[in-house]
Undergrad: 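Can you read through this structure? Questions will come right after.
Index from 1, following the sequence.
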Amino acid sequence: MLKLYDTTVSSRLLLGTARYPSPTVLAQAVQSSGSEIVTVSLRRETSGGKTGGAFFNLIKELGVRVLPNTAGCHSAPEAILTAKMAREVFATDWIKLEVIGHHDSLQPDVFELVEAARILASEGFSVFPYTTDDIVVAEKLLAVGCQVLMPWCAPIGSAAGPRNPAALTAMRAAFPEIPLIVDAGIGRPSHATTVMELGYDAVLLNTAVAGASDPASMASAFAKAIDAGHLAYRSGMLEPRDMAVPSTPVIGKGVFA
């Protein structure tokens, strides 16, 4: 079981809801994933059309916990306003906080991120900050009231997988009691297994499922991969060795003259 603020869930897969070919495919993917938490971008769904209401109704019908996000925001004031709007629409204090600083890499602006997190936490929000794998930034986010951290393993939508496993390992070691959710850059189920084997608590992904030829099957594959990685970490994996170690003992072996 995984506890995130005031909620305990059994699934360690958080699923995004953008870029699916149809609402039906989205619903099938969520059901196949077993995910109990989905992210929704308020700005994305309410801009450029009148389908926002229908989309929000679909999400409610799925019976999952909604984690609104501030995708598309580039400053603390913009993210704070979006978070407050999302709280009104979805009746939740949860917010995935994104404050983008670079248009090409979609890397977080960590300075604006910490400031937005400070204000939102002080106003009663449960903040899930999308951040880098920088330990100093992580410490500042925790200091202003965040109880969960969501470091990237690669740029959003890149499907590159963990680019800096050493940094992710160091973050896990630095914050052993804090829920850590890898967010962004996961492209394959094997990537998800890898980060879970590092001791991470969950994975949030979107593009890798929504962009698959069969999103429902891919969602199921990711769910199994995440469970496998978590179980492997909890079971105690062997560390790599420089030399071979025989699995069959030498003692008692027959000797032929």
Side-chain angles (χ1 to χ4, degrees), residues 1-5 7-17 29-39 64-65 67 69 94 96 108 128-135 137-138 141-142 146-212 215-241:
M1 303 296 285
L2 174 62
K3 186 174 183 180
L4 303 171
Y5 287 100
T7 297
T8 300
V9 296
S10 56
S11 173
R12 294 175 182 270
L13 170 57
L14 286 70
L15 201 60
T17 57
V30 173
Q31 292 165 357
S32 295
S33 72
S35 178
E36 298 163 63
I37 301 172
V38 300
T39 63
V64 292
R65 178 78 185 243
L67 174 59
N69 70 46
W94 279 22
K96 180 192 171 190
F128 294 69
Y130 163 60
T131 183
T132 63
D133 53 21
D134 188 295
I135 290 177
V137 175
L141 288 167
L142 295 174
C146 297
Q147 298 178 28
V148 175
L149 297 172
M150 304 182 73
W152 68 350
C153 73
I156 293 173
S158 68
R163 287 186 169 180
N164 195 346
L168 292 175
T169 300
M171 180 171 279
R172 177 72 283 175
F175 309 109
E177 304 301 325
I178 301 299
L180 299 180
I181 303 172
V182 169
D183 177 18
I186 297 288
R188 300 182 178 187
S190 58
H191 296 160
T193 301
T194 295
V195 298
M196 293 301 290
E197 287 179 350
L198 296 178
Y200 277 71
D201 296 289
V203 170
L204 192 160
L205 53 87
N206 187 165
T207 308
V209 170
S217 294
M218 185 61 74
S220 178
F222 268 106
K224 292 178 173 65
I226 289 167
D227 286 344
H230 177 66
L231 181 59
Y233 175 76
R234 293 291 300 274
S235 300
M237 297 175 292
L238 289 177
E239 293 300 321
R241 298 162 173 163

Undergrad: Between atom CG of Asn206 and atom CG of Leu14, what is the distance when rounded to the nearest 0.5 Å?
TA: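 Here the rounded value is 11.5 Å.
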
Undergrad: To the nearest 0.5 Å, tell me how far Leu13 CG sits from Ile186 CD1.
TA: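 These two atoms lie 10.5 Å from each other.
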
Undergrad: Please report the C-alpha distance between Asp201 and Arg172 in whole Å, then the side-chain angles of each, then the deciding distance to 0.1 Å, and finally whether the salt bridge (Lys or Arg N to Asp or Glu O under 4.0 Å) criterion is met.
TA: CA-CA 10 Å; Asp201 296 289; Arg172 177 72 283 175; 2.8 Å; yes

Undergrad: Under 4.5 Å between any side-chain heavy atoms of Leu4 and Ile181, yes or no?
TA: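 Side-chain contact under 4.5 Å: yes.
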
Undergrad: Which heavy atom of Phe128 sits nearest a heavy atom of Met150, and at what distance?
TA: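 So the two residues come closest at CB-SD, 3.3 Å.
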
Undergrad: I'd like to know if the side chain of His230 and the backbone of Asp227 have a donor-acceptor N/O pair within less than 3.5 Å.
TA: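 Not a single qualifying donor-acceptor pair exists.
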
Undergrad: Check whether any side-chain heavy atom of Val38 lies under 4.5 Å from a side-chain heavy atom of Val30, and answer yes or no.
TA: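 They are in side-chain contact.
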
Undergrad: With rounding to the nearest 0.5 Å, note down the distance linking OH in Tyr130 to NZ in Lys96.
TA: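 Rounded to the nearest 0.5 Å, the OH-NZ separation comes out at 7.5 Å.
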
Undergrad: Could you check whether any side-chain N or O of Ser32 sits under 3.5 Å from a backbone N or O of Ala219, counting only pairs where one atom can act as donor and the other as acceptor?
TA: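 Judged by distance alone, no pair lies under 3.5 Å.
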
Undergrad: For Arg163 and Pro155, work out which heavy atoms get closest and say how close.
TA: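 Closest pair (atom of Arg163, atom of Pro155, distance): NH1-CD, 3.7 Å.
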
Undergrad: Mark yes or no for whether Gln147, through its side chain, and Leu142, through its backbone, hold a donor-acceptor pair below 3.5 Å.
TA: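 Judged by distance alone, no pair lies under 3.5 Å.
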
Undergrad: Closest approach of Leu15 and Ser33, non-hydrogen atoms and distance?
TA: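 Of all heavy-atom pairs spanning Leu15 and Ser33, the closest is CD2-OG, 3.9 Å.
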
Undergrad: Hey, is the main chain of Ser11 close enough, under 3.5 Å, to the side chain of Glu36 for a donor-acceptor pair?
TA: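 Indeed, once roles are kept as given, a pair shorter than 3.5 Å links the two residues.
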
Undergrad: Taking side chain as C-beta onward, heavy atoms only, is Phe222 less than 4.5 Å from Val203?
TA: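 Counting from C-beta outward, Phe222 and Val203 never come under 4.5 Å.
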
Undergrad: Would you name the heavy atoms of Val209 and Ala29 that are closest together and state the gap between them?
TA: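 Where Val209 meets Ala29 most closely, the heavy atoms are CG1-CB, 4.1 Å.
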
Undergrad: At what distance, to the nearest 0.5 angstrom, does CG of Leu168 lie from SG of Cys153?
TA: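 Between atom CG of Leu168 and atom SG of Cys153 there are 6.5 Å.
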
Undergrad: Counting C-beta onward and ignoring hydrogens, is there a side-chain heavy-atom pair between Arg12 and Tyr200 closer than 4.5 Å?
TA: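 SC-SC contact between Arg12 and Tyr200 ruled out.
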
Undergrad: Rounded to the nearest 0.5 Å, how far does CD1 of Ile135 lie from CZ of Phe175?
TA: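 With rounding to 0.5 Å, CZ (Phe175) is 6.0 Å from CD1 (Ile135).
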
Undergrad: Ignoring hydrogens, what is the shortest heavy-atom contact between Pro162 and Thr194? Give both atom names and the distance.
TA: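 Heavy atoms only, the tightest pair is CG-CG2, 4.0 Å.
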
Undergrad: Nearest 0.5 Å, please: how far is SG in Cys146 from CG in Leu141?
TA: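 Here the rounded value is 5.0 Å.
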
Undergrad: Regarding Thr7 and Lys3, is there a side-chain donor-to-acceptor distance under 3.5 Å anywhere?
TA: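 No, Lys3 and Thr7 have no side-chain donor paired with an acceptor closer than 3.5 Å.
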
